[in-house]
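Only one structure is covered here, and it is reproduced in the block below.
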Amino acid sequence: MSGESFENLSYEDRTFTPSQSFIDNANTKSDIYDEANKDRLAFWEKQANRLSWNKKWDQVVDWQLPFAKWFVGGKLNASFNCLDRHVIEGRGERVAFHFEGEPGDTQTITYKQLLSDVCKATNALIELGVKQGDRIAIYMPMIPQAAIAMLACARLGAMHSVVFGGFSADALLSRIQDADASLVITADGGYRKSAAFALKGAVDEALKGSTNVKNVLVVKRTGQEVAWGSKDVWWHEIVDRQSDKHEPEFFDSENGLFILYTSGTTAKPKGIYHTTGGYLTQAAFTHHAVFDLKPETDVYWCTADVGWITGHSYVVYGPLINGATQVMYEGTPDTPTKGRVFQLIEKYKVSILYTAPTLIRTWMKWGDEYPNGSNLSSLRLLGSVGEPINPEAWMWYREVIGKNNCPIVDTWWQTETGAIMISPLPGVTATKPGSAMKALPGIGAEVVDDEGNAVGNGRGGYLVLTQPWPSMMRGIWKEPVRYKDTYWSRFNNLYFAGDGAKLDKDGAIWLLGRVDDVMNVSGHRISTTEVESALVSHEAVAEAAVVGAKDEMTGQGIVAFVILRGGIEAAKGDTLVKQLRDHVAKEIGAIAKPRQIMVVAELPKTRSGKIMRRLLKDVAENRAVGDSTTLADPNVMKLISEGLQSGKSED
Ligand code: WT7
């Protein structure tokens, strides 16, 4: 078994069934799985009918492994589906966005208003020469114009490439060059942690490199000083004077919708390429089914930035197609207080909250007084995405945020998959804390061993997808060979996601982290996730990251970095460390007992909240710390290294 698959160490027997009233009112019922199993393609055709098509497709899918086309021959416009349709059908007065800037400025934007804003922006893009198929880089803070810019590109059949506003000028330049963008849409800056940060300056810096960018369209957000050149155009000067009418053209279902670069912590970023009909179908279906959206009454808040795929599928396309009313927030969750998110939930009566484990664990660390300081009774559904959610964090989310009253949907997917693939259905599934449970209807997922054979219940292995799905990436931009090699060559006819996973005794799926992070201790392949969850299940620990460090005896030894919960002191170092090591041994077995545990104040994370274990491994193996330019807080590694010098704890 060892060396072949993954150890299955943790055990969980708590399950939570949805309340009867949730079940009775849910958007999807349990028969949806049978329906999809009976005829998968008919199922996806039915979901495609959530969209408005100008011409119906001739063929559901054209699958030439690994290249797919969905709804072949169909014609539609993404922006029309998000906007015009609601106005035409009488929903123009519904609020699309309650926007809240970090300084506290607000805007209420109805669907009618959003349509007219997008039409004006579209007409401005036309004036700047944008055409179908062009690539437009968007480098913006989390403000309404970010979504407006995306929808204006889509309206013209041009592809947006959103580059997260926290990325550097270098990162922006390489993405502009790779996609050969002709226009950059940006802002002077944005607000974050009570200060204005600059974006336009980074664009100027990036454009010193060689590009084909003809214009830079600049939203005035902060009013800070900016340098101005011949390519630069103020948004308010060109957009505001445009007509608020624009007749959309309808494009082929496979017309490019966007490119989004994966953050690429190791290799050159991959330009993940998505098209229109299939992507929108699955974004809309999953948003409806997984979040149980009732568009007339729900207030939905996905905390992701539009710079990530979550912001594309679950802030812009999925929710707008479904006519959702959303909260959009510009800033960080601790500004001006650690209760900001909870205050906004109370203020806007948010009923559906979708966020990431990193934020949930941060809230655990800050302490319960912040959520307890606001009225959270409007919440009825909670979602999680981005990393495995530890059972303890799941329980905290359920109890402290959801007041034991909200189903939790732990949703597994990737930039590459475009939309949610594995998740409970909130009115159907009895959930287990920490498990993404099972593949959605119409999706094929399995856990396999090294040879690609299904592992069976109670065993761990590699997560694969067994069938093409509508929102799958259509490739890596300009790199078809890399696309094949990365995703389709590890196993025959299967999509390799790069994640470890296990099936529990009931067949529920548990994600175990990236296979690159798996540790090999005396020949046992142990997932970082299971050890981290065991640590987080101790009352003193809010967050943990573990890595395998070279070990002469065992091949690799487990080194853990832990953050303590609010109010808990790093009590007498060694006693706590000993307790934690024993706790891991008791929870999941002596083989997983960390060789070394460090109490730290922060962990190195990317700006999307993923822990950069590679850097911790450098520390654990006493190497100089490698490239840390994608870190959210560049000082963290220095603090951790210094802490290590003073607090070694081994036995
Ligand atoms: C990777 C994809 C999908 C939007 C945000 C991340 C990890 C994502 C889960 C989850 C366990 C998860 C995987 C995946 N991941 N969701 N619910 N449970 N792991 O998109 O940046 O493309 O990252 O995030 O490792 O492969 P991304």
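Just so you know, ligand 1 is whichever comes first in the structure, and atom 1 is the first atom listed for that ligand. Note that these values count all heavy atoms, side chains included, but never hydrogens, waters or copies made by symmetry.
Per-residue contacts place K610 under 4.0 angstrom from the following atoms of ligand 1 (heavy atoms of the residue considered): 1 (C), 6 (C), 21 (O), 23 (O), 24 (O), 27 (P). Those atoms of ligand 1 that come under 4.0 Å of a heavy atom in T411, given as number and element, are 9 (C), 10 (C), 16 (N), 17 (N). With ligand atoms numbered from 1 in the order given, ligand 1 contributes 25 (O), 26 (O) to contacts under 4.0 Å with heavy atoms of R514.
Between F67 and Y483, the distance from one ring center to the other falls under 6.0 angstrom. Aromatic ring centroids of F491 and Y462 lie under 6.0 Å apart. Checked against the 6.0 Å centroid threshold, W488 and Y495 count as a close aromatic pair. Checked against a 6.0 Å centroid threshold, the rings of W394 and F16 count as neighbours. In this structure, the ring of Y279 has its center no less than 6.0 angstrom from the ring center of H312. Ring to ring, F285 and W44 are close: their centroids are under 6.0 angstrom apart.
In I309, the part holding a heavy atom less than 4.0 Å from any atom of ligand 1 is the side chain. Of all the heavy atoms of T415, the ones lying under 4.0 Å from any atom of ligand 1 are found in both the backbone and the side chain. Contact annotation for E387 and ligand 1: only backbone heavy atoms (N, CA, C, O) come within less than 4.0 Å of the ligand.
Close to ligand 1: D499, with a non-hydrogen atom less than 4.0 angstrom away. Heavy-atom separations between G498 and ligand 1 are all 4.0 Å or longer. Residue contact annotation: W308 has no non-hydrogen atom under 4.0 Å from ligand 1.
Scanning for salt bridge (charged side-chain N to carboxylate O under 4.0 Å, His left out) contacts around R380 gives D292, D298, with sequence neighbours left out. Legend: residues meeting salt bridge (charged side-chain N to carboxylate O under 4.0 Å, His left out) with D504, ordered by chain and number and at least two apart, are K432.
Below 3.5 Å of separation, one finds no N or O of T310 facing any N or O of ligand 1. Between S384 and ligand 1, not a single N/O pair is under 3.5 Å apart.
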